[in-house]
Amino acid sequence: MEKTTLIFVGIIASLVSFASATPGIATFYTNYVPSACFGSQDQGKMIAAAGDALWNNGAVCGKIFTVTCTGPRNPVPHPCTGKSVTVKIVDHCPGCPSTIDLSREAFALIANPVAGIINIDYNQYAYFTSSSSPLLLQ
């Protein structure tokens, strides 16, 4: 019964995520270390830097976001792949034109890197130690 409830909650959270996604802008970067949140510790490739709108004096460090390309911001037609990517905020991108500055690898999963800048929808996730399933924060 508990597993069925967890699956049901996960399905509802996924449905709500599409309705409550926050629109934003994404760009990408290529130098990941050092970072404002983790110094010289390598945090992998599925990472991002928060623009000033998300930074909140570093409170967003370590938070997990799912990002989906929604369309172009420049003349590159149809940049989106139709996929989403989950990234961890590891850095600050002060003065960036974007909400989220993705690693190049994360950007390439959701859009053609030639585009350089895209429109996105994003959601923040929270992970609870009692379960390995993510839960959307509303």
Side-chain angles (χ1 to χ4, degrees):
M1 179 67 178
E2 183 178 316
K3 187 173 184 177
T4 303
T5 302
L6 184 58
I7 291 170
F8 178 73
V9 169
I11 291 169
I12 296 300
S14 295
L15 293 174
V16 171
S17 73
F18 293 111
S20 64
T22 304
I25 300 168
T27 52
F28 70 87
Y29 69 114
T30 56
N31 294 323
Y32 310 142
V33 176
S35 70
C37 301
F38 298 97
S40 294
Q41 285 183 324
D42 183 2
Q43 297 295 308
K45 302 286 186 203
M46 293 301 119
I47 56 172
D52 293 331
L54 284 178
W55 182 243
N56 192 20
N57 292 320
V60 75
C61 283
K63 304 289 185 198
I64 307 295
F65 287 83
T66 294
V67 182
T68 305
C69 177
T70 60
R73 288 197 64 84
N74 60 28
V76 175
H78 314 294
C80 302
T81 65
K83 297 178 183 177
S84 294
V85 65
T86 301
V87 294
K88 179 180 179 180
I89 301 295
V90 301
D91 211 348
H92 181 208
C93 187
C96 276
S98 60
T99 313
I100 298 176
D101 195 27
L102 298 166
S103 66
R104 187 183 192 294
E105 293 82 358
F107 190 98
L109 286 176
I110 64 169
N112 182 346
V114 171
I117 186 168
I118 55 173
N119 290 316
I120 58 167
D121 281 343
Y122 65 94
N123 288 308
Q124 181 183 342
Y125 281 83
Y127 285 85
F128 298 98
T129 57
S130 62
S131 168
S132 62
S133 299
L135 180 65
L136 274 170
L137 292 178
Q138 300 301 314

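Cluster membership check: Val85 shares its hydrophobic cluster with Ile89, using side-chain heavy-atom separations under 4.5 Å among Ile, Leu, Val, Met, Phe, Trp and Tyr. Note on Phe65 and Val90: separate hydrophobic clusters, where clusters join Ile, Leu, Val, Met, Phe, Trp and Tyr whose side-chain heavy atoms are under 4.5 Å apart, directly or indirectly. Note on Ile47 and Ile118: separate hydrophobic clusters, where clusters join Ile, Leu, Val, Met, Phe, Trp and Tyr whose side-chain heavy atoms are under 4.5 Å apart, directly or indirectly. Residue Phe38 is grouped with residue Tyr29 when hydrophobic side chains (ILVMFWY) are merged at heavy-atom distances under 4.5 angstrom, including chains of intermediate members.
Without hydrogens or angle criteria, Asn56 side chain to Gly58 main chain gives no donor-acceptor distance under 3.5 Å. A donor-acceptor pair under 3.5 Å links the side-chain atoms of Thr70 to the main chain of Asn119, judged by distance alone. Side chain of Asn74 to main chain of Ala115: a donor-acceptor pair is present (N/O by atom type, distance under 3.5 Å, no hydrogens or angles). Of the possible donor and acceptor atoms, one in the side chain of Thr81 sits under 3.5 Å from a partner among the backbone N and O of Leu109. A donor-acceptor pair under 3.5 Å is formed between the side chain of Thr99 and the backbone N or O of Ile25.
The shortest non-hydrogen separation linking Val60 to Ala50 is CG1-CB, 3.7 Å. In this structure, Arg104 and Tyr32 approach most closely via the heavy-atom pair N-OH, 3.0 Å. Closest approach of Ile117 to Thr27, counting heavy atoms only: CG1-CG2, 3.8 Å. The shortest heavy-atom contact between Pro34 and Asp91 is O-OD2, 3.9 Å. The two residues Cys93 and Asp101 make their nearest non-hydrogen contact at SG-OD2, 3.6 Å. For the pair Pro23 and Tyr122, the tightest heavy-atom approach, listed with the atom from each and the gap, is O-CE2, 3.7 Å.
In this structure Phe28 satisfies the ring pair (Phe, Tyr, Trp, His ring centres under 6.0 Å) test together with Phe107, sequence neighbours excluded.
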Open item on the list: Apply side chain to side chain contact (heavy atoms under 4.5 Å, CB included) to residues Gln41 and Val33 and explain how you reach the verdict.
Closed with: CA-CA 7 Å; Gln41 285 183 324; Val33 176; over 6 Å; no
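Here the OG-CD distance, from Ser103 to Gln43, works out to 12.0 Å after rounding to the nearest 0.5 Å. To the nearest 0.5 Å, the span separating NZ on Lys83 from OG1 on Thr68 amounts to 12.5 Å.
By the 4.5 Å heavy-atom criterion applied to side chains, Met46 and Glu105 are counted as neighbours.
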